[in-house]
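Okay, so here's the structure we're looking at.
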Amino acid sequence: MSILTMENVGYAYGGGVPVLQDVSYTFEKGKIYAIVGRSGAGKTTLLSLLSALTAPTAGRILFDGRDIRQIDQYRYRSQYVGVVFQSFNLLPNLTAVENVELSMDIAGKAMPGAPLKAAEKRRRAMELLEKVELDEDRGLRRVLKLSGGEQQRVAIARALINSPAVLLADEPSGNLDTKNREEIHRLFFTLRDTLGQTVVIVTHDGQLAAMSDRKIEMVDGQIVR
């Protein structure tokens with residue numbers, strides 16, 4: 001069953017230079033997709049469009065059959081999709097759990113209902129860290145005291161706050177050593193199997209691409225296979 005669909009999507013910068021051209025593709029629920037291609041092929045732009053951080057200049061993107069332009073963009077990114085960046089984007093002077101709690105506060109502004117009390121928020125944040133295999137000891141450490149792999153796990157936990165149907169990741173293991181890279185890759189498959197999420201990963205890692213359910217190759221702003 002499809003969850004995200006791109007219909008003849010194009011994107012061009014203000015000067016009219018095309019980055020993506022007539023891209024059509026359907027992402028199914030509960031599968032891992034690896035997007036590969038040389039630098040400048042349009043991979044990150046495609047991910048930015050799927051996350052609604054950028055709007056297409058042609059075509060449309062559907063989430064569960066609905067044009068994402070008809071969905072409140074803040075709610076879309078807070079509730080329906082989670083985004084993981086290569087650079088982690090964590091606040092270094094906060095602990096791991098505080099980083100997750102802060103994101104819960106921000107995401108909560110787009111959600112109905114009363115804000116969580118402090119104790120409940122801490123409990124839920126710790127549960128999210130457990131899902132990405134970080135124990136309480138590491139959860140209470142400042143981010144600067146964590147390894148690169150552990151910091152990326154915190155970033156993934158933050159992206160899971162509202163149990164999004166789709167997890168989008170831009171080179172999530174690009175800054176990691178071999179051991180941590182393999183552990184982060186394994187974690188994505190665990191999330192797929194346990195939470196049923198669709199995971200879309202931009203990567204240069206051939207091993208991850210080979211392991212994925214689908215490999216999408218991009219050349220000059222188009223999907224070639």
Criterion side chain to side chain contact (heavy atoms under 4.5 Å, CB included) on Thr44 and Glu171, from CA distance to verdict: CA-CA 9 Å; Thr44 296; Glu171 292 284 359; over 6 Å; no
Thr178 side chain to Arg181 side chain, donor-acceptor N/O pair below 3.5 angstrom: yes
Approximate separation, where rounding is to 0.5 Å, of Arg141 CZ and Gln151 CD: 12.0 Å
Leu102 CG to Thr95 OG1 distance, which is reported to the nearest 0.5 Å: 10.5 Å
Aromatic ring proximity Tyr25/Phe27, centre distance under 6.0 Å: yes
Flag side-chain contact, heavy atom, 4.5 Å: Leu167 against Thr198: no
Rounded distance (nearest 0.5 Å) linking atom NZ of Lys43 with atom CD1 of Ile223: 12.5 Å
Non-hydrogen side-chain atoms of Val100 and Leu129 separated by less than 4.5 Å: yes
Nearest-0.5 Å distance, CG of residue Leu53 to OG1 of residue Thr45: 11.5 Å
pair Ile201-Pro172: side-chain heavy atoms closer than 4.5 Å: yes
Minimal non-hydrogen separation, Ala34 against Ala209, with atom names: CB-CA, 3.7 Å
Residue pair Ser2 / Lys29, side-chain heavy-atom distance below 4.5 Å: no
Heavy-atom check, side chain of Leu187 versus side chain of Val132, under 4.5 Å: yes
Heavy-atom pair with the smallest gap, counting every atom of Arg69 and Gly59: NH2-O, 3.3 Å
Minimum side-chain heavy-atom gap Glu7-Leu62 below 4.5 Å: yes
Worked check of salt bridge (charged side-chain N to carboxylate O under 4.0 Å, His left out) between Arg186 and Glu182: CA-CA 6 Å; Arg186 178 180 55 79; Glu182 291 176 350; over 6 Å; no
Summary of salt bridge (Lys or Arg N to Asp or Glu O under 4.0 Å) pairs that have at least one residue in residues 142-164, sequence neighbours excluded: Glu133-Arg153, Arg138-Glu150, Arg153-Glu183
Verdict with reasoning, Lys179 to Asp177, per salt bridge (charged side-chain N to carboxylate O under 4.0 Å, His left out): CA-CA 6 Å; Lys179 179 177 181 295; Asp177 58 34; over 6 Å; no
Ring pair (Phe, Tyr, Trp, His ring centres under 6.0 Å) partners of residues 77-107, not counting sequence neighbours, each pair once: Phe63-Tyr80
From Ile61 atom CD1 to Arg66 atom CZ, the distance as rounded to the nearest 0.5 Å: 15.0 Å
Test side chain to side chain contact (heavy atoms under 4.5 Å, CB included) applied to Ile184 and Ile156, step by step: CA-CA 9 Å; Ile184 291 298; Ile156 294 170; 4.3 Å; yes
Any side-chain donor near an acceptor of the partner, Gln79 and Asn162, under 3.5 Å: no
Close side-chain approach of Tyr74 to Ile106, heavy-atom, < 4.5 Å: yes
Heavy-atom side-chain contact between Val143 and Leu91 under 4.5 Å: no
Pair Thr203, Asp205: side-chain N/O donor-acceptor within cut-off below 3.5 Å: no
Rounded distance [0.5 Å steps], CG in Leu50 versus CD1 in Ile35: 6.5 Å
salt_bridge(Glu120, Arg123) N-O dist < 4.0 Å: yes
